[in-house]
A.B. asks: 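Submitted below is the structure of interest, expressed as C-alpha cells.
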Amino acid sequence: MTLLSPEVIAVLMLDGILFFFASLAFLLSLRIVLRWDERATTPLQYTLQKQAYLVATVIAFIFYLKLPLFLFFIYTLDLLSNILPGAMCAAGVTTATVYGMPLFGLKIANLYLFGLWLAAHRIDMGYPTMPYTRVKFLAYLLLFPLFVAEEALELLHFFGINPHVIVSCCGTLFSAAKSSAVSAFVSLPLPVTLGSFYGLFGLAVWAWRKQRPLLSALANLLFVPVAILSLIAFFSTYVYEMPHHHCPFCLLQADYRFVGYLMYAFLFFGTFFGMAVWLAKRMGYEGWRKWLLFSLIGDFLYVALVSYYPIAFYLKNGVWL
Amino acid sequence: MKNLFAFALGSLLRRGAKNLFIFVIFFLMVFVLASVFMVTHALKKEMFTTLSALPQITVQRIVAGRQTQIGVERVERIARILGVSQALPRVWGFYYFPRAGVNYSIVGLESFGQQYRADLQKAADLYVEKLAAEDVMIVGPGVKKSLAEHFYPESFLFVKPDGSLKKVRIAGVFKPQTVLESNDLILMENSLVREIFGMDESMATDIVVRVPNKEEIPTVARKIREIYPDTRVITREDLRISYQNVFDYKSGIFLALFIVAVFTFFIILYDKASGLSSEEKREIGILKALGWKIGDIMRVKFFEAAVISLTAYLLAVTTALAYVFMAQAPLLKHLFTGFSVLKPSFALSFSVDVGTLALIFFVTVPVYIAATLIPSWKAATLDADEVIR
C-alpha cells in the first residue's frame, strides 16, 4: 500500500518538476562542455552562451527550491510518524525502509553541492570572460547523477513505506545499547566527543584569525558530521532534559519549540560558507574574507545555541545529566 | 536590485489586462486548494478533540464477522487486569426516525454511576434525579429541533422491537464542546435504552476500558484479546490512525486531481508568457540596447512572476480563511461530512497551522515560477538589433 498523504504528493510533484528542469540543464550542459570555445565567433558558440544563462538559472531555481523543500520534507516525515505504528518522530519514518538513511545523507550532501555550484557560478559571472564556464558545467554533469540518485531513493522510500509494519522509535535507534553505527559514537567517551566538537570550532575560529581558507574548509567539512554526532550523543539530551533520549529529529517538533530548524539552519549557513570560502579563494574572488566572517558567525551561533542547553540545565539544577 | 524591482512592478501595471487574467486564474486555483485543506484541517482537529474524550480501549464482541452484544459479566474480569483503572459496559445504538429520515444516536448512562466521559458525567450529574425517577431523555440541539418540527416538542414516542410504544419526555438539551458528534445525541438511563432496543439486562453494546498509563495500553489490549478471543479490541491509537488515513485519503485524492489542473495552468501560463507582443519585444530590445544584461532582464521577469504569484497566494489564502471560517465553507463542507439532516449544522472552529499554509504554498507558487523560467529566458535572450529594427 502506498501512502496518499497530501504532503507526500506535494513533495513528489515538486521533485518531478525539479527532475524535469535538472534533466534539461543536464542536456544543455553536456553540449556546452563538448562544444564550448570562448574564442569562436560561430552561431553555435553564441547559442551556447545564451543557453549557459538558462542552465544557471535552472540550477539556481533548483537550489533555492530545494532549500525550503528540504525543511518541508522533514516536516512531512514528522507528519508521517503519526500514521506509522511505532514511529514518534521523523527518525522512525526515515528508517522505515533501507533507502531512508542514504536518502537523508544524499539530500544534505546535494544541498551543499548545489550551493557550492551556485557560489562558483556567481564568482565566475563576475569575470567578463567567464573563464570557468567549462569546468562549471562539467561539475554540473557530475552533480546530476547524484541528483537523480536522490530522486530515485525518494521514490523508493515513499513507495516502500508499509504503514502496517511497526518501525523503530528514535529511543531505540540512537541508544547506546544497540550495536549500530550511531550507537558507537553515542557510547564514545564524552571528552572525546566534546573535545573534537569544540576543537574543530576552535580550529574554524583560528582559520578566521589567520585568514586561512583551506583550513576553514577542512575544519567545516569535519565540523558537519562531528556537530551532528555530538548533538545526538550529548547536546540533544539536554534539550529534552532526558539522559536517554538521543535524537536529532525530535528537536524539530513543537514540543521543543521547533528549535531544531534554527540549529540546522545556523549549522548549514556556517559550514556552507566555511567550505565555499576555499572555492572563492581558489577562483580569485575578492569577497572571500567576508564569506569567512559569515562562516564564523554561523558556526558561532550554532555552537552558542547548542551549548546554551547544557549550561542552562547545569545552572538550574546544579548537576550534569 | 531595488530599481529592477520597481521596474518589474511598473511593467506589471502597464500590462494590466494580460496579467490580471493570469492573476485571477491563479488566485482561484490557490483559493480552491486552500479552502479544501482548511476544511480538512478544521474537521481533523474537531475529530481529534472528540477522540481525546474517547475511552482508551473499546471492547466489542464479534460473531460471524459482525459486532453483537457483549455480556456484562466480562466487565469484572477485564477490570481485574493490572493497569486497568475502570471498565464500564456501554449501552447505546442508533434509532431510525422514519418521518424525519434521520438516525439518532441513543446513549445510555448509569445514573449515580461513573461515566466514561467527562461531558457525560456533567450531564448525568445535572439531571441525575430526573433520569433515575422517570422516563426522560436529554437530547442534542439537532434532535430537539427535528423533533419539534415533527410535532414532538415535549416528548417522543419510541417504537420498541415488539411494536409497542414508549413515551419518553425531553428533560433538557445537551451542549458539550464539540457539536459534530453531539448534535444527534440522545441520553437516557441504561435500563430505558435496553427497553427501547429490546436488549437483555445482562447484555451491553460494548465495554470501555480506562488505562491511566498510556504505555500500558497495548499490553492491556493484548491481554483482553487473549482472555476473550471472540472480541475486537480497539485502542484510541487505532482510531486516530484510521481517522488520519481517511482524511489523508480524501485530501490526497483531491490533490492528485488538482495537480492535473495545476499542469494545465502551467501550460497556459507557459504559452502566455512565451507569446510576447511586438511591443514587449521592442521594450526588451531597447533595454538591451541601453546596456541591460540578460541577467537583468531575467531578474525583472522573475520579480514579475514572484509578485503575481505571491500576492495571489496571500490574497487567496486570506479569502479562503474568510470563506471557510466566517462563511462556514458553503458547498465544500458537505464534501467531507456528507449530506445528513442532522449532521451539517455544526461550526468549523478556527484552526490554521503553518504546515497547511506551507503545503498550499509548495504546490502552487514554485509551479508558477517554474512555468515562467523558460519563457523569460527566451525573452531575455532576444537579439536587440533584430527586435528594434
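Just so it is clear, the values below take in all heavy atoms, side chains as well, and ignore hydrogens, waters and symmetry mates. Order of the sequence lines sets the chain letters (A, B, ...), proteins ahead of strands, with each chain counted from 1.
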A.B. asks: Which value, rounded to the nearest 0.5 Å, describes the distance between A:L84 atom CG and B:I241 atom CD1?
C.D. replies: 8.5 Å
A.B. asks: Side chain, backbone, both or neither: which part of A:L54 has a heavy atom under 4.5 Å from chain B?
C.D. replies: both
A.B. asks: For the interface with chain A, which of B:A370, B:P366, B:A358 has the highest count of heavy-atom pairs at distances below 4.5 Å?
C.D. replies: B:A370
A.B. asks: With a 4.5 angstrom heavy-atom cut-off, which part of A:L69 approaches chain B: side chain, backbone, both or neither?
C.D. replies: both
A.B. asks: Give the intermediate values and the outcome of side-chain contact (heavy atoms from CB on, under 4.5 Å) for residues A:F258 and B:V354.
C.D. replies: CA-CA 12 Å; A:F258 303 107; B:V354 184; over 6 Å; no
A.B. asks: Roughly how far, to the nearest 0.5 Å, is the CZ atom of A:F61 from the CZ atom of B:F302?
C.D. replies: 9.0 Å
A.B. asks: State, with a plain yes or no, whether a side-chain heavy atom of A:M13 is found less than 4.5 Å away from one of B:F258.
C.D. replies: no
A.B. asks: Give every donor-acceptor pair between chain A and chain B closer than 3.5 Å, one pair per line, or write none.
C.D. replies:
residue : atom : partner : partner atom : Å
A:Y46   : OH   : B:D383  : OD1          : 2.5
A:K50   : O    : B:W377  : NE1          : 2.8
A:K50   : NZ   : B:T381  : O            : 2.9
A:N82   : O    : B:R240  : NH2          : 3.0

A.B. asks: For B:F265, give me all partners under ring pair (Phe, Tyr, Trp, His ring centres under 6.0 Å), at least two apart in sequence or on another chain.
C.D. replies: B:F26
A.B. asks: If we define contacts as heavy-atom pairs under 4.5 Å, which of B:I294, B:V367, B:L373 has the most with chain A?
C.D. replies: B:I294
A.B. asks: Could you tell me the separation between the CD1 atom of B:I253 and the CD1 atom of A:I9, rounded to the nearest 0.5 Å?
C.D. replies: 8.5 Å
A.B. asks: Out of B:V363, B:I374, B:L359, B:L255, which one racks up the most heavy-atom pairs below 4.5 Å with chain A?
C.D. replies: B:L359
